[in-house]
Structure formats: C-alpha cells, structure tokens
Amino acid sequence: MILRIENLIKTYGDVKALNGLNLEVKQGQIYGFLGPNGAGKSTTILSTLGLIFPQQGRIELFDTEVFRDGKYDESSLVEVKRKIGYMPEHATLWEFLTPLQTLDMIGEAFGIPKGKRAERSEELLKLLNLWDVRNKKVGKFSKGMRQRLLLAQSLINDPELLILDEPMTGLDPSGIAEFKGIIRELNREGKTVFFSSHILAHVEEICDTVGVIVKGKLIVEDNLESIKREFLRRAGYTIIVETSRPVSFDGVEWKVSPLGEKKYRIVTPGDIREEIHDFVASQRAKILTMQVKEPTLEEIFLKMVE
Amino acid sequence: MMWGFRLEFKQNLRTKKFWVIIGIMALLYIPSFYIMKSFFLQSGREITNEAAMSMLISSITGMTSFFVAILALLIGATAINSEIEKGTLRIAMSKPIKRLHYIGGKFLAHILVLLIAILFSTAISIAGILYIGGSLTSQLVTDVLLLNLLLLLAMIQLVALGYIISTLIKSATTALGLALAVMFIVFMIVPSMVGFLAIKDTMNNPHTSMEEVQQIQKEYTTKYLFYDPISQVKVITADVSTMSSSNSGVIRNIRYNGVAYAIRHNPTNLAHILWLTALYLIIGFYRFLRMDLR
Ligand SMILES: Nc1ncnc2c1ncn2[C@@H]1O[C@H](COP(=O)(O)OP(=O)(O)OP(=O)(O)O)[C@@H](O)[C@H]1O
Ligand SMILES: [Mg+2]
C-alpha cells in the first residue's frame, strides 16, 4: 500500500475538518480525491505530508507508519518524503528565483548532485513548456506558468507518489487536457498519483479510482463509472428527448414536462431509454435526439450526504 | 540545516531586507559623523580616539540601536508566518528536511545577515572616526568591533523574540503591528519609566552625587530591564569611560577603559542578553516544531 489513512481526526476549535477519515491508495493508481469546498481535502493532504498535526488516527506511507495519535515519526517521514512529490494548492514559489534556480534549490533539498539536478531541471522545464522562461523571475509569472512550475518542482526527485492539491484549478480547458496528458504519462512511467479536486470533469477520463470526501469523511471510494451509476440510481435519470412529431405522454408513470412542441424532459428512477424508444415508436414518431443529463458533482455530493 | 540556511540567506540578499538594513545604518551614521566633526571643530577640542569613541557609543546606543532593534524584531516576527501565507514553507517542508534543521538554518542565515550588516557598520564607524580626525590604532578597531558585536547580540535576541511572535500570529501584517507595539511599549516606554523611577528614588537624598545616581540607574536597569537587550548594552557601554566629577557636578576627569573592560565588568548584563536569547530560541523553535504550517 502506498498510502493508508486510518480514522484520521483533525479539529479546528469546533470545526471537524477530518472526522474519522479512512483512505487507501494502491501502487499504480490515479486516485481522484473529490469533495466540495471545505470538505477536508487539503487537510488530508497536509496531514499526509506532516505539515499539520491531526489529533488522532494513523498514517502509513510506503508501508511505513509515519503518524500515530497526534505524533509524527519525523525520521521515517523524512525518509518517505524522498519518494513523494507534492504540489500545494494556491502557493507561490520563491519570487526572487528563476525556474532554473527554483528547481536547483528543490533538487538540493533532496541531495541530488549538481549535474544531475541541472539535467533533470532542463528535462522538466522542457516538458512543462517553461524552458523559454527559465531565467525569468517567478515573481513575473502568470498563473498558468506558476502552476506548471509548481508541478515541475514536485517532479524533481522522480517521485513514486505524486500528491497534487487541486492541480487543475484555474487552468483553461486546453490546459486541463494537457495536464491530464502529463499525469497519464507519469502514471505510465509507474508513478502513483493522488490528486484532489472539487470538479467532476477534472477526475473524468484519467482516474481509475475516485474517493468522495464530504464533511471530513470518505463516503464512497470506487471507480467513477460505478459512482455515477450509483448516483443515477438514487437521484433518478433526467432524459431529454426530441421527437419527429408531438407525442402524448398521457398515462405513463414517468414525470414528463414539455420543453417545447416536440421536446420533453423525462425524470425516472431507472434507465428507461429503451422504454421511451418503444413508447415514442408506438405513437408512430421517431426520436431525433435523446440525451441523458449528467448530474453535476454538487448534485452527487448533496445526494450522497442525504 | 545547510539547505534552510542557504535558502534564507539567498532570500535575504535578493530581497530588500538586507539592503534596508545596510541603508538604514548608512543613513544613521553618515550624518552623525558629520555632526561630530562640526562639533569638534567648533569646540576647538582636541580630537582623540577616546573622545570619538564616546560620541560613537552615545550615537550607537541611542538612535542606531533603536532602529536596528526594530528591524531585528521585524525580521523575526515575519520569519515564519509570511512564509506560511505565501505557501513557500509548505513546499520547503514537503521535502526531506527536518523542521529543526530548517528553522536552525534560517536562524543561522539571519545571524549571518546581521553579522554582515554589523561588519559594515564597524567599517563605517572606523572610517567615520578617521574622517573626523582620529587615528587608526588596533585599540580603535577592537573597540569599535566589540561595540558592534554587542549590538549584534542584542539584535539576535530580538530576532529570537520575533520568532515567538511569528509562531503565535498567523498574519504577517498583524505580527508586524504587534512587533511595533511591543517595541514602543516594552522597549521604549517601560525603560524610560524605569529611568524615571531611578531618578525619583535618588531625589529623596539631595546630597546624592552623580555617580550614585548612575549607580542606581544601572542597578534598576539590570534588575527590571533584564529583558531589554538595548538597555543592557547601554549599561555595559556606560563603563567604557569613567567620569569623575567634583561635588558641583563639573566633570573633572574622563578615564577611558575600553569596550573589553566594560564587558568584563558587567557580566550580569551580558548574561541577561545571552540567557534570554537561549530561552526565546527554545520557545520559538519548540513552537515551530509543533505548529500547523497553514
Ligand atoms: N487554519 C484553520 N483554522 C480553522 N479552520 C480551518 C483551518 N483550515 C481549514 N479549516 C477548516 O477545515 C475544513 C476543511 O478545510 P480544507 O481546506 O481541508 O477543505 P478543502 O476540501 O481543501 O476545500 P477547498 O476545496 O476549498 O480547498 C473547512 O471547514 C475549513 O474551514
Ligand atoms: Mg483545499
């Protein structure tokens, strides 16, 4: 097991940021850590890295216990950190350094020899499209450039585990697609990736496992498809159909509301696309378009806490 | 340890902090030497190294020490919280670096930066004394250096006190405000009240001589202002030269003892500076080791 968190509790005064969190990340996974704002994602990540002190629980990294009941074992923590790359949420890097100097500094913290550091920095800056600005001060960087440098610094030690806190927040769609490509590539190289987000679209297509955290507790941990299916089962399907001619839905059990002359919204507890198809055909009409409305992540969260 | 040190040192040299320290020192010294020179010219007195040293001491323990003390406290008070606010500390501490090594390295870097500033100040002081007509002797160099090192010790104590503030107050701006308030109340108002108390307590006896008043002031400062390193430096440097006066209060005779002598003769005051520095560091470091870095 790369990361195992057991019954983690972190309170801030009366606020329970983590309320008995359990979580496991396995070797080779791309794990999406989903949750609405304030759910405790950053709190979890900061605890994993020993940056904040939870009151109770246990944390294991690479099968080494690093935290138990309010105390970190700092020597073990330092050892496992050699194998971890971390990208924080809204952080700035040292504004007075250039990307080259930044990566050099970080590489030095890992004890990477000078020549190797330079080699690796060049590789990463090229990978993340920062090579042209390698000698420009970070203070003058745009948001996207900062984000990419934050990712670069997390990769300098060629980590086995990458922990990214909201890495795609603030990126435009093409940036997100590019980012996902990089993550996928890193995963193919054998890195385990654990990243948080509050946006469903961020975890789609790339995560094999998604954990949903709400109010400091993990409420589901599964692959995204199962999570969605489970949600649809509970929340009901919303299907929008457009027909070739008006159709009368009198007498059906489904909740139907017209959206136009030949357009209807149908809400049902299960997947009834075939039934709709047959029903429309029975009225000698054709279905021109049929779409299943995706639930938003917020809807999923709300349903799941209920 | 060395990683934290190098990072902090670079940061100090490349950001404004360091140059502000140097700038303020230059700003404080150059005019005061100019004034000294015109003073000596007008009074027509002979310019000796000793006389120049006395003036330098009053200038350093006066204005200079005050500004430099504020600066040292501010460096400490924003050392940790500002890095938490920016997020750089989370990046640094997510690397395989122990917290104690990081803060230890940071402290060493602060000492080095202040030491460079102090050496710069020593050089300016010596140049200044030569400019107003003193002569370059090894005694002069030693004394100016020792004087500046005393000031360095005082600054280090204030940096250490600043660390405690920095771990207590999450917002760097608030910490800055608090540090200024502490500076004015604890290091300005209280010392002047103690000074006043000393004078009041000697007033009862109209026959008290100037030496006795000074003695009481020294005792009170040692006893009640042990936490104020600047006051302790003042007590020590007061012994650099001894004045003897007649009953009417006219200064008859000034004997120059040197800074080394003054330090040797006031071990309690030096000890106050040192043990409090150690205490502040222990508290500050301990808090840093156990604090949430967000
Ligand atoms: N320093 C703090 N003091 C008090 N409460 C805090 C502190 N930091 C976090 N919290 C609280 O802890 C809870 C969890 O916060 P956390 O930052 O982990 O959420 P998150 O899931 O990362 O949210 P976001 O998507 O906004 O980043 C929130 O209710 C937050 O208000
Ligand atoms: Mg967060």
note = OH (A:Y12) and CZ (B:R294) are apart, to the nearest 0.5 Å, by 3.5 Å
ask   = For the atom pair NZ (B:K10) and CH2 (A:W94), what is the distance rounded to the nearest 0.5 Å?
value = 10.5 Å
Tell me, side chain or backbone of [X] under 4.5 Å from chain A's heavy atoms, or both, or neither?
X      : answer
B:M2   : neither
B:E85  : neither
B:L289 : backbone

task = Could you please spell out the steps behind the side-chain contact (heavy atoms from CB on, under 4.5 Å) verdict for A:N157 and B:K95?
result = CA-CA 10 Å; A:N157 57 327; B:K95 310 306 169 207; over 6 Å; no
query = Can B:R90 be said to sit on top of A:Y86's aromatic six-ring, NZ or CZ under 6.0 Å from centre and within 45° of the ring axis?
reply = no
With a 4.5 angstrom heavy-atom cut-off, is it the side chain or the backbone of [X] that approaches chain B, or both, or neither?
X     : answer
A:L46 : side chain
A:I84 : neither
A:E79 : neither
A:T43 : both

key: chain A interface, residue from B:I97, B:L293, B:I91 that has the most non-hydrogen pairs under 4.5 Å   = B:I91
ask   = Of the listed residues (B:Q11, B:M93, B:E83), which shares the most heavy-atom pairs with chain A below a 4.5 Å separation?
value = B:Q11
Contact summary for [X] and [Y], nearest pair of heavy atoms:
X      : Y      : answer
B:S94  : A:K81  : O-CD, 3.4 Å
B:R290 : A:G70  : NH2-O, 3.9 Å
A:A109 : B:P96  : O-CG, 3.9 Å
B:W3   : A:M105 : NE1-O, 2.7 Å

Other residues, nucleotides, ligands: >12 heavy atoms within 6.0 Å of [X] [atom1]:
X      : atom1 : result
A:K83  : NZ    : yes
A:Q55  : CD    : yes
A:K126 : NZ    : yes

Pick from [options] with the largest number of heavy-atom pairs that fall under 4.5 Å of chain B:
options                      : result
A:I106, A:L51, A:L150        : A:L51
A:Q153, A:E108, A:E89, A:R82 : A:E108
A:L77, A:L49, A:V78          : A:V78

ask   = Is B:K86 salt-bridged to A:E95, going by a charged N under 4.0 Å from an acidic O?
value = no
request  = Before accepting this row, confirm whether a basic side-chain N of the pair B:D292/A:K10 lies closer than 4.0 Å to the acidic partner's carboxylate O.
outcome  = yes
